[in-house]
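Hydrogens, waters and symmetry mates are skipped; everything else that's a heavy atom, side chains included, is used.
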Amino acid sequence: MLVIYNSISKQKEIFKPIYDNEVRMYVCGMTVYDYCHMGHARTVVAFDVINRYLRYAGYQVTYVRNITDIDDKIIHRAVENKESIQSLTTRFIQAMDEDLQALGTLKPDFEPKATDYVAEMIAIIEKLIAEGLAYVGRTGDVYFDVMQFEHYGKLAHKDLEALQAGARVAVEEAKKSPLDFVLWKLSKPNEPYWASPWGNGRPGWHTECVVMSKLQLGQPFDIHGGGHDLKFPHHENELAQAEGAYHQDFVHYWMHVGFIEINKEKMSKSLNNFFTIRDVLCEWRPEVLRYFLLASHYRSPVDYSLEALEGAHQALDRLYLALRGVDLNVEVVEDVVAEQYEERFKEAMDDDFNTPIALSVLFDLVRELNRAKVEGKDNVVALAQKLKHLAGVLCILTEPTEQYFQHSAANKMGIEAIENLVAQRRLARSEKNWVKADEIRQQLAEKGVIIEDSGEATTWRYE
RNA sequence: GGCUGGGUGGCAGAGUGGUCAUGCUGCGGCCUGCAAAGCCGUUUACGUCGGUUCGAUUCCGGCCCUAGCCUCCA
């Protein structure tokens, strides 16, 4: 029984899809004017695991993640770069695809772009005006009239009074209330525009998600997610539009992912304390990054640090080491003990996708496996297969074992040279020339190569 | 100011009304030519002050500290 923490009720709730075993999930994606950073990675990986687990659990998932390819930041950046908007967004969409693929995330089933749905956005704005929920302001822009939607604030748990008291924005004369948000923004000279009943302009940000989710998933749909910073105002504003326009629930389960922090401070573009995914992938292999992200629960804040990455690396090594020397390319073997670990794994993931616990189950399985290896039990293969299989749901332990340890990289000693030294050392050892054997081991260690003897065999790996 | 979250052992990070999280690290042992890996054992916890309880890190209340949102942000 799957339980999900729902932001709107602030409680864990039993998950019941709208249609039997189908899950319809929409996640707010990127605004493509720059490279993706670790914060994006976290949200994307979190929902990737959710997507994978739901499928593993037998649900038929439709996963939609939008691309925002028109907004003020994009326009500004294009001007800054003396580049067309089209070229800017195309470039960063491609970069995003590369980065997310490197992280091993599955592509969403649909990745709608805002600019492909402008006509539909205009239609919903017209409907909102007809419903009395939107108005044309004094400057000609169209605004959502927050006061007219009685449930405004129900997601973020804010009441209008408090919001107004805290409003830091200078009241724009064009709006009735400072909380009203723009649905259609008239274009200035040299800005891109679409024709509309209110003049040439472009849609406000929040509307695209309402339109694209409804088109591809219907309304209501099951899960809507995104980073924690989207809860308010973005998701609140989506909800107001969707429920205001169609008079029915918008979303059943709202999920929000916690922030990546640096020195306990939110990583964000405005604070300029962010690391891009590609920066990090220059130093660390993608799987380490994934492990790091999965080692804490998706709702908690995570502090990004070298120590944490190193910890992830070591933990991952332990998982892979357990698989070493086991031939997995055989028919899947059933084993009662192995099944117990799968049950525990499911239990962990069923509890609001608790990946830290799921990982701890994997480590318990590793101990079981190592023990079985030492004792020469006959369930070694079954345990190893189970480990690989369950880890695969989290999309870790995906590489062939030896490839993981002997992964070539430009700055490392070549495999041939290593094998050569290992052979020399084997000879020295057979002659009980311990001095020479230790010398070679030391030589390799200085190059970051770890030697492991077990009986006659010697294996090596990069540290 | 309002609204959300947090404060756990050397670090990271879960969780629970009364036996173990887990990973890294420390210590002891086994194994090993010595190591590494592995196995076994083991030390150091639950911000603070009260309350409920036979018993609270876990429930309730006050306080302190801290992050986030209230403006674009995953």
Side-chain angles (χ1 to χ4, degrees), chain A residues 7 10 27-31 34 36-47 65 71-73 76 153 156-159 161-170 178-179 181 205 225-234 236 256-261 264-271 274 291-292 295-297 299-303 305 307-319 321-322 324-325 348 351 354-364 366-367 369-371 373-375 429 432-435 437-438 441-442 445 450-455 458-461 463:
Chain A
S7 299
K10 295 185 285 181
V27 174
C28 289
M30 265 63 82
T31 301
D34 206 343
C36 295
H37 60 109
M38 286 294 293
H40 300 114
R42 186 173 195 207
T43 298
V44 171
V45 168
F47 282 104
R65 188 180 61 220
D71 93 321
D72 289 359
K73 291 189 294 296
H76 293 152
H157 308 287
K158 295 168 189 290
D159 56 72
E161 228 170 87
L163 277 168
Q164 279 168 323
R168 282 184 262 156
V169 206
L179 297 172
F181 55 92
W205 176 34
H228 209 265
D229 43 3
L230 297 187
K231 187 155 93 176
F232 193 90
H234 183 53
E236 189 74 55
H256 293 100
V257 178
F259 298 131
I260 297 266
E261 303 178 344
K264 310 277 179 199
E265 210 176 37
K266 177 186 172 185
M267 177 184 287
S268 77
K269 298 204 173 170
S270 38
L271 290 172
F274 63 93
Y291 184 96
F292 161 71
S296 47
H297 186 82
R299 280 189 280 120
S300 315
V302 191
D303 215 55
S305 69
E307 293 74 22
L309 269 292
E310 186 47 45
H313 175 74
Q314 291 190 64
L316 199 56
D317 276 357
R318 178 166 160 84
L319 294 174
L321 279 167
R324 245 191 161 177
D351 184 10
N354 196 325
T355 52
I357 298 242
L359 287 171
S360 82
V361 172
L362 259 35
F363 282 106
D364 286 344
V366 161
R367 176 161 293 121
L369 171 56
N370 284 333
R371 219 183 281 149
K373 279 160 112 176
V374 170
E375 293 169 9
R429 288 187 78 222
K432 299 209 188 303
N433 185 347
W434 308 127
V435 176
D438 290 350
R441 183 167 60 199
Q442 181 59 29
I450 298 168
I451 288 291
E452 287 162 341
D453 302 320
S454 67
T458 294
T459 53
W460 65 270
R461 61 186 163 103
E463 60 180 12

For [N], give the paired nucleotide (Watson-Crick: N1-N3 plus N6-O4 or O6-N4; G-U: N1-O2 and O6-N3; both under 3.5 Å), or none.
N	value
B:C3	B:G68
B:C63	B:G47
B:G55	none
B:U22	B:A12
B:G41	B:C27
B:A74	none

Considering every strand and a 4.0 Å limit on heavy-atom distances, what is the contact class for [X]: base, sugar-phosphate, or nothing?
X	answer
A:Val374	sugar-phosphate
A:Gly225	nothing
A:Ala41	nothing
A:Ala308	nothing
A:Met38	nothing
A:Leu359	nothing
A:Glu310	nothing
A:Asp72	nothing
A:Glu375	nothing

Nearest to the [X] side chain among [options], which nucleotide is it?
X	options	value
A:Ile260	B:A74, B:G13, B:A36	B:A74
A:Arg461	B:C40, B:A36, B:C70	B:A36
A:Ser296	B:G13, B:A74, B:C34	B:G13
A:Ile357	B:G15, B:G33, B:C40	B:G15
A:Pro233	B:U25, B:U71, B:A36	B:U71
A:Lys10	B:U4, B:G33, B:A74	B:U4
A:Phe363	B:A35, B:U22, B:A74	B:U22
A:His37	B:A74, B:A14, B:C34	B:A74
A:Ser360	B:U22, B:U4, B:A14	B:U22
A:Asn354	B:C34, B:A14, B:G33	B:A14

For [N] versus [M], give the span between their [atom1] atoms, rounded off to a whole number of Å.
N	M	atom1	result
B:U8	B:C49	P	16 Å
B:G6	B:G38	P	35 Å
B:C24	B:A14	C1'	15 Å
B:U58	B:G18	P	12 Å
B:A56	B:G17	C1'	6 Å
B:G47	B:C65	C1'	8 Å
B:G55	B:U22	C1'	27 Å
B:U66	B:G51	P	28 Å

Using OP1 and OP2 only, check whether a side-chain N or O of [X] sits under 4.0 Å from [N].
X	N	result
A:Arg318	B:G23	yes
A:Lys373	B:C39	no
A:Asn370	B:C39	yes
A:Ser454	B:U32	no
A:Gln314	B:U25	yes
A:Arg367	B:G23	yes
A:Lys158	B:C69	no

Can you work out whether A:Glu452 or A:Asp364 has the more 5'-proximal nearest nucleotide on RNA chain B?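 The residue whose closest nucleotide sits nearer the 5' end is A:Asp364.
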By nearest heavy atom, map A:Phe232 and A:Trp434 onto RNA chain B; which one lands nearer the 5' end?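 The answer here is A:Trp434.
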Restricting to non-hydrogen atoms, name the atom on [X] and the atom on [Y] that form the minimum distance, rounded to 0.1 Å.
X	Y	result
A:Pro356	A:His297	CG-N, 3.5 Å
A:Arg42	A:Pro301	NH1-CA, 4.0 Å
A:Phe259	A:Lys266	CE2-CE, 3.7 Å

If you measure from the Lys or Arg side-chain nitrogens to the Asp or Glu carboxylate oxygens, is any gap between A:Arg324 and A:Glu452 under 4.0 Å?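 Salt bridge flag = yes for A:Glu452 with A:Arg324.
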In terms of side-chain geometry, is the basic nitrogen of A:Arg429 or A:Asp453 positioned less than 4.0 Å from the acidic oxygen of its partner?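 Result for this pair is yes, salt bridge flagged.
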Could you walk me through whether A:Val366 and A:Arg318 pass the side-chain contact (heavy atoms from CB on, under 4.5 Å) check? CA-CA 8 Å; A:Val366 161; A:Arg318 178 166 160 84; 4.0 Å; yes
Gap between atom OH of A:Tyr291 and atom NE2 of A:His313 - 0.5 Å precision: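 Interatomic distance, A:His313 NE2 to A:Tyr291 OH, rounded to 0.5 Å: 12.5 Å.
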Distance from A:Leu362 atom CG to A:Arg367 atom CZ, nearest 0.5 Å?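 Interatomic distance, A:Leu362 CG to A:Arg367 CZ, rounded to 0.5 Å: 13.0 Å.
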Whether A:Ser305 side chain and A:Ala308 backbone form a donor-acceptor pair below 3.5 Å: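 At least one qualifying donor-acceptor pair exists.
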Base of B:A74, side chain of A:Arg42 - is there a donor-acceptor contact under 3.5 Å?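 Answer is no: no donor-acceptor pair is held.
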